[in-house]
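No experiment lies behind these values; they were computed from the predicted model shown. Nothing fancy with the numbering, it's 1 onward along the sequence. Note that ligands are numbered from 1 as they come in the structure, with each ligand's atoms numbered from 1 the same way.
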Amino acid sequence: MQSTLTEKQSLIDIDTINRTFHLHNGKVSYVLGVEENEVLTQLYFGHSIRNYHGLRQYPRIDRSFSPNAAGANDRLYSLDTLPQEFPSYGHGDFREPAVTIKQANGSRITSFRYVSYEVFNGKPKRKGLPATYVHDDKSAETLAVTLEDQVTHLKLKLSYTIFRDYGAITRHAELINDSKQEVTIERLMSLNIDFPKNNYNLLQLGGRYAAERSISIEPISNGIKTLDSKRGSSSHMQNPFFALTEPGISESKGEVYGFNLVYSGNHKTLLQQDPYEQLRIQMGINDFQFEWKLAPSERFQTPEAVMVYSAHGLGLMSQTYHKLYQNHLIRGNFQHKVRPVLMNNWEATYFDFDEQKINAIAESGKKLGVELFVLDDGWFGRRNADTTSLGDWYVNETKLPKGLSALSKAIHSKGMKFGLWFEPEMISRNSDLFKKHPDWALQVPNRGISLGRDQYVLDFSRGEVRERIYVQIKAILDHCGVDYIKWDMNRNMTEVYSSKLPPDQQGETAHRYMLGLYEFLDKLTTEYPNILFESCSGGGGRFDAGMLYYMPQTWTSDNTDAVSRLKIQYGTSLVYPISTIGAHVSAVPNHQTGRITDMEIRGNVALSGNLGYELNLGELSEQEQQAVQKQIEFYKAHRELIQFGDFYRLLNPFTGDQAAWQFVSPDKKHSLVMFFTIMNEASLPMNILKLAGLDADTEYLINGNKKADGDELMHVGFYTDPQPAKDFTTQLFELKAVNSQD
Ligand code: DGJ
């Protein structure tokens with residue numbers, strides 16, 4: 001420890017006598033300690049406290065078959081049961097380690113012990129990996145604790161940032177090879193927390209293609225549970241997020257701990273409840289087939305994990321993530337800008353379009369108020385189907401004989417912005433690029449390459465591969481007037497192997513790919529700050545905080561069905577802000593589910609995110625076109641509130657046949673409520689809808705006629721339509737403070 005007895009920053013207290021570190025901000029507290037033998041321990045994480053007085057000192061007890069660590073010849077003290085902050089395996093802790101390093105002598109045993117700490121105002125900028133940031137050093141404080149393995153002299157630096165205004169702490173680890181020998185990292189998690197015995201449940205966001213981020217809650221029992229992705233991306237199947245929730249958790253009540261990894265590649269969450277019912281949790285890069293060689297004086301940093309604590313249910317947890325990400329993760333010119341109403345031709349045409357058709361579709365959108373036209377897949381190479389041309393990023397002259405810039409001009413002349421689809425990380429087997437550079441696809445020598453949607457994955461860990469794609473994209477951006485890019489990624493990785501890396505570094509390929517991708521995105525988004533980027537991976541297959549650092553919005557799902565979207569958008573909103581959620585009205589019968597729904601519900605669901613249209617509006621009836629025009633007008637008047645207001649979930653479509661959510665302006669003078677009935681039934685019970693987030697003392701005008709006070713609306717509530725005449729209905733309520741000027 002450093003020399004002062006007690007150091008009191010405003011957010012981080014350090015007690016050098018009792019050897020504790022306390023991060024707190026009135027919303028959350030996180031306490032670390034240094035135990036006997038310089039072991040870094042986890043003492044407390046939860047509701048904010050003002051001071052920590054040592055109440056969580058771990059009791060001394062002799063546990064049979066729990067050895068006493070080398071150097072600590074005390075039968076009452078074992079690492080096997082001690083709640084630690086960053087445990088290793090091999091000195092008596094038989095639980096899962098947070099770090100495993102293979103050393104020159106073949107051993108994997110390490111023991112990282114406390115050496116020193118530093119405290120900084122603000123948050124040091126991270127290089128190469130996406131992470132939360134601060135512009136103003138007053139908005140956060142950072143604690144960095146250094147541990148060392150005395151035998152190898154490897155150092156482990158654990159960094160924690162606490163934000164002044166949010167119940168959130170971010171953390172990551174960095175391994176520094178101060179030894180004289182090369183080592184191999186086999187596992188290095190971003191976070192480990194050992195919780196004492198508790199009764200938390202596990203909430204996770206699993207899913208699948210077209211059904212992303214489904215909420216499920218389950219009890220935790222003894223043993224190990226892993227949630228992971230080995231797909232080379234964060235995936236549709238398992239979002240890199242989980243939460244520990246108190247039994248009976250609701251939107252407004254109960255304790256929740258949320259954990260989100262700022263990473264878009266292979267990830268892993270591990271929960272281990274030990275025989276004493278203590279819970280170890282870990283999150284980080286998936287160590288499955290992962291290895292990283294670290295030469296003397298090199299460093300390796302993990303992705304950042306964002307931990308949010310809420311004492312008031314899931315609602316506050318989500319609002320904390322939303323605000324933190326809006327203000328301290330998303331960057332660039334569009335960070336706080338309302339997003340345009342877009343129109344995308346994918347479901348309107350698929351690959352079957354030409355210039356005339358596109359112009360006509362765009363025109364139909366323009367008439368009704370659409371602001372941005374996005375030309376999706378099929379405009380390049382010989383791309384008339386998904387079997388060809390990825391990697392050949394030059395215009396398809398059969399479809400667009402006058403070229404892209406002519407089309408872009410035509411769209412601009414209508415007074416609309418022009419957007420373009422790319423899938424830069426991929427290469428078609430049938431492409432000029434593959435003919436020329438077959439070795440640029442990820443592949444293992446002599447094994448053949450598995451196809452996914454008839455395409456291979458480019459080896460983005462290689463600089464020359466990235467450069468070639470960059471040059472092609474740049475040529476288009478510099479000459480064709482592009483205002484928006486949809487960055488797609490339509491298959492997961494197989495045969496993960498890079499011909500550029502030696503055999504003993506092949507375990508680095510998947511992570512090097514991500515680092516290459518992040519470098520590419522950083523360069524592109526910096527060079528083209530006026531382009532609005534939307535990430536996509538077959539819909540929401542890479543909807544994660546890593547991508548949001550570069551691209552401020554994401555195409556949420558390829559499933560555009562309004563009813564399916566209720567669940568998808570509800571689940572997504574658990575972590576990710578509304579301004580990031582792309583949501584489009586599409587044609588009926590819906591192309592994914594075959595369901596027929598009214599324009600009204602399709603509109604209300606889509607305008608609960610970044611509104612877009614993915615159909616030929618010109619083919620709609622006059623009446624429907626009028627409805628669309630109204631939706632767009634309404635959206636434009638309310639999008640600031642929707643995209644950047646406070647979001648409250650009211651009724652959960654995962655547990656019932658209704659859904660509802662609410663947007664509230666920061667000054668609480670304006671609110672929008674969406675209510676949806678999914679399946680209708682005869683003789684339905686009467687349902688009361690209670691609102692949230694309003695000012696109790698304010699009187700509100702509801703839909704321009706009825707008046708009620710905020711406290712009434714939140715506690716008394718009101719009956720929703722008792723007899724929706726059919727399935728898939730929706731009601732919208734707009735609330736305005738009676739004395740509001742606007
Ligand atoms: C998958 C995307 O999610 C769709 O929206 C569309 O862009 C297709 N790819 C195009 O191939």
Side-chain angles (χ1 to χ4, degrees), residues 207-213 231-237 239 264 342-353 357-358 361 372-393 396 399 418-431 451-458 473 482 484-492 532-544 547 551 553-562 564-565 568-569 572 580-587 590-593 602 606 609-616:
R208 55 187 188 275
Y209 172 75
E212 298 90 337
R213 292 168 293 285
R231 295 171 173 271
S233 79
S234 50
S235 86
H236 303 83
M237 289 74 182
N239 198 261
S264 317
L342 71 79
M343 178 184 215
N344 177 305
N345 70 304
W346 178 242
E347 287 197 17
T349 64
Y350 295 103
F351 294 102
D352 180 19
F353 62 82
K357 217 178 198 179
I358 291 300
I361 295 174
L372 159 69
F373 177 81
V374 180
L375 181 60
D376 209 277
D377 197 352
W379 58 265
F380 53 94
R382 294 177 303 282
R383 184 87 166 168
N384 298 319
D386 61 11
T387 49
T388 169
S389 299
L390 295 170
D392 302 342
W393 299 108
N396 178 324
K399 290 182 188 173
F418 178 63
L420 207 53
W421 179 97
F422 286 95
E423 195 176 357
E425 300 158 71
M426 297 290 150
I427 181 165
S428 293
R429 182 171 47 161
N430 181 8
S431 65
L451 279 165
R453 207 195 191 200
D454 260 301
Q455 65 198 51
Y456 302 136
V457 183
L458 276 172
I473 294 179
V482 175
Y484 160 106
I485 286 180
K486 179 173 172 187
W487 179 294
D488 207 346
M489 194 266 196
N490 281 304
R491 59 157 294 180
N492 289 139
L532 171 61
F533 285 82
E534 176 151 353
S535 80
C536 171
S537 173
R542 218 165 43 182
F543 203 134
D544 59 64
M547 282 293 132
M551 305 190 252
Q553 57 189 61
T554 306
W555 177 225
T556 312
S557 178
D558 268 0
N559 189 341
T560 55
D561 173 71
S564 308
R565 276 293 186 121
I568 296 169
Q569 292 175 206
T572 304
T580 67
I581 296 178
H584 299 175
V585 171
S586 60
N590 179 268
H591 294 194
Q592 293 78 39
T593 61
R602 279 181 277 154
N610 291 331
L611 175 65
Y613 290 83
E614 191 150 335
L615 74 170
N616 187 345

Student check: side-chain heavy atoms of Tyr456 and Arg429 closer than 4.5 Å: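 A side-chain contact exists here, since the closest heavy-atom pair is under 4.5 Å.
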Check: Phe351 and Asp377 side chains under 4.5 Å, non-hydrogen atoms: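 Yes, their side chains come closer than 4.5 Å.
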Give every residue pair that meets the salt bridge (Lys or Arg N to Asp or Glu O under 4.0 Å) criterion with at least one member in residues 534-544, sequence neighbours excluded.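 Qualifying pairs: Glu425-Arg542.
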Using the six-membered ring wherever Trp is involved, compare the ring planes of Phe422 and Trp393 and label them parallel, tilted or perpendicular (cut-offs 30° and 60°).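 Plane angle between 30° and 60°, so tilted.
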Under a strict 4.0 Å criterion on non-hydrogen atoms, which protein residues are in contact with ligand 1?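 Residues Trp346, Asp376, Asp377, Trp421, Arg453, Lys486, Asp488, Asn490, Cys536, Gly538, Gly539, Trp555, Asp558 each place a heavy atom under 4.0 Å from ligand 1, listed by chain and number.
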For Thr556 and Glu212, which I'm curious about, is there any donor-acceptor pair between the side chains at under 3.5 Å?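 Judged by distance alone, the side chains do not pair up.
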Electrostatic pair Asp392:Arg383 at N-O distance under 4.0 angstrom: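 Salt bridge flag = no for Arg383 with Asp392.
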